[in-house]
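If you read the sequence from its start, that first residue is 1, and numbering goes on from there. These figures come from a predicted structure and were not determined experimentally.
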Amino acid sequence: METGAGLMNLGVLALQVSMKILQLTQARDNPGTISAEATFAPLQKLLLAALVSRYEGKTEKQKNPFPENTLSWAAWVIARIGGWKGYRSQSTPGPITMYRGLAKFDHLWEAWNLMKDV
């Protein structure tokens with residue numbers, strides 16, 4: 001942090017996280033055909049698919065309404081991990097919810113990778 005290069009590295013890391021959050025927040029409002037691979041690696045998509053069954057509710061209103069492997073589908077999962085209840089009657093998940101969900105997802109991703117090696 002004492003050099004210009006260190007500050008640039010920090011800025012790049014912050015930009016990467018903010019881009020992911022922005023992509024997820026926009027995908028939530030514009031369900032389309034953008035692949036989840038625009039933001040997540042193929043193996044991360046597998047973890048997201050495994051988490052869907054845990055975060056989907058039993059009623060039709062709490063199911064992920066988006067086509068699988070789209071960015072909207074991934075945004076729904078990340079928002080649920082971040083604490084959003086999943087009801088359409090609720091306000092839509094914002095950037096803070098997406099940030100919380102991404103932070104938890106990153107921890108789950110690290111744990112999942114550690115368990116694969118065992």
Side-chain angles (χ1 to χ4, degrees):
M1 295 298 194
E2 296 175 0
T3 66
L7 286 175
M8 279 206 331
N9 288 340
L10 180 63
V12 168
L13 288 174
L15 185 62
Q16 286 177 330
V17 172
S18 61
M19 275 300 290
K20 274 188 178 183
I21 292 169
L22 183 62
Q23 285 176 325
L24 292 170
T25 305
Q26 287 182 342
R28 155 209 85 191
D29 293 333
N30 302 315
T33 57
I34 299 172
S35 173
E37 288 185 14
T39 304
F40 297 98
L43 289 176
Q44 288 178 321
K45 282 184 5 184
L46 290 175
L47 177 57
L48 284 168
L51 291 170
V52 165
S53 62
R54 179 171 182 202
Y55 285 97
E56 279 186 333
K58 294 181 178 160
T59 65
E60 214 36 56
K61 289 183 178 181
Q62 286 187 315
K63 301 275 186 210
N64 191 334
F66 303 106
E68 193 170 342
N69 294 325
T70 62
L71 193 55
S72 302
W73 169 81
W76 187 92
V77 177
I78 295 296
R80 290 286 286 144
I81 295 170
W84 181 58
K85 300 291 184 212
Y87 289 110
R88 294 256 185 214
S89 60
Q90 246 189 333
S91 62
T92 56
I96 294 173
T97 302
M98 293 297 184
Y99 170 76
R100 288 178 186 149
L102 264 179
K104 288 181 183 179
F105 178 76
D106 285 341
H107 292 159
L108 291 169
W109 173 243
E110 287 180 34
W112 195 59
N113 280 321
L114 287 173
M115 293 305 292
K116 280 190 336 186
D117 295 338
V118 172

Q. Is there a chain of hydrophobic side chains (I, L, V, M, F, W, Y, each step under 4.5 Å between heavy atoms) that links L43 to I81?
A. yes
Residue set satisfying side-chain hydrogen bond (donor to acceptor under 3.5 Å, both in side chains) with Q44, at least two apart, ordered chain then number -> none
Between the CG atom in L47 and the NZ atom in K45, the distance rounded to the nearest 0.5 Å is 13.0 Å
Transitive ILVMFWY side-chain link V77 to L46, under 4.5 Å: yes
Those residues at least two apart in sequence (or on a different chain) that pass side-chain hydrogen bond (donor to acceptor under 3.5 Å, both in side chains) with Q62 are Y87
Tell me if a side-chain donor or acceptor on W84 pairs with a main-chain N or O of S91 at a distance below 3.5 Å. yes
Across all chains, not counting sequence neighbours, the salt bridge (charged side-chain N to carboxylate O under 4.0 Å, His left out) partners of E56 are none
Margin query: Check whether S35 reaches the backbone of A38 with its side chain - one donor and one acceptor, N or O, closer than 3.5 Å.
Written below: no
**Report entry** same_hphob_cluster(L7, V17) at 4.5 Å side-chain heavy-atom cutoff
**Finding:** no
- Item | E60, CD atom: more than 12 neighbouring heavy atoms under 6.0 Å | no
Here the pair of heavy atoms bringing A75 nearest to L24 is CB-O, 3.5 Å
Across all chains, not counting sequence neighbours, the side-chain hydrogen bond (donor to acceptor under 3.5 Å, both in side chains) partners of K20 are none
By ring-ring contact (aromatic ring centres under 6.0 Å, His included), W73 pairs with (sequence neighbours left out) none
Close side-chain approach of F40 to N69, heavy-atom, < 4.5 Å: no
Taking every heavy atom of A27 against every heavy atom of S72, the minimum-distance pair comes out as O-OG, 3.0 Å
Exercise for review: Decide yes or no for I34 and T39: does some side-chain heavy atom of the first lie under 4.5 Å from some side-chain heavy atom of the second?
Suggested key: no
Between the OG1 atom in T25 and the CD atom in Q23, the distance rounded to the nearest 0.5 Å is 10.0 Å
Cluster check L22, W76: I/L/V/M/F/W/Y, side chain < 4.5 angstrom | no
Surrounding NZ of K85 (heavy atoms of other residues, nucleotides or ligands, distance under 6.0 Å), is the total greater than 12? no
Original post:
Considering residues, nucleotides and ligands other than L51, do more than 12 of their heavy atoms fall under 6.0 Å from its CG?
Top reply: yes
Interatomic distance, CG@L10 vs CG@L15, rounded to 0.5 Å, equals 11.0 Å
Under 3.5 Å, sequence neighbours excluded: what are the donor-acceptor pairs made by side chains of residues 96-109?
none

